[in-house]
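One structure is given below, encoded as structure tokens.
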Amino acid sequence: MLDSEEEMGVVDSGYVSDHTRWMNEQLEKNPSWVASQKEGRALWWDKQQDTDTTARNNASKVPQKPYPYDVNFFGE
């Protein structure tokens, strides 16, 4: 029988991967990286969504045939 300390499913939450440790060290050495990361995220990801444009784009999609590599795809 297993003791309570030997039970399966016990997770050591104190583990820090080598990559996470390295990233934390680099962020301590280069605190300006955080601001640069936020600027990059805002540039590429954090955009306001226009619901009208999204709805128009979804409505204008042309349905694709299930298998475009079918030999009869261009013959129809």
Just verifying a value: how many Å separate [X] [atom1] and [Y] [atom2], rounded to the nearest 0.5 Å?
X	Y	atom1	atom2	result
Asn24	Lys29	CG	NZ	12.0 Å
His19	Gln26	NE2	CD	10.5 Å
Leu43	Arg41	CG	CZ	12.5 Å
Arg21	Tyr15	CZ	OH	7.5 Å

Run through the side-chain heavy atoms of Ile, Leu, Val, Met, Phe, Trp and Tyr, join any pair under 4.5 Å, and report what else lands in Met23's cluster.
Trp22
Just distance, no hydrogens or angles: give the donor-acceptor pairs under 3.5 Å from side chains in residues 49-61, sequence neighbours left out.
unit_1, atom_1, unit_2, atom_2, d
Asp50, OD1, Asp52, N, 3.4
Asp50, OD2, Thr53, OG1, 2.5
Thr54, OG1, Asp50, O, 3.1
Asn57, ND2, Thr53, O, 3.4
Asn58, ND2, Thr54, O, 3.3
Ser60, OG, Arg56, O, 3.3
Ser60, OG, Asn57, O, 3.1

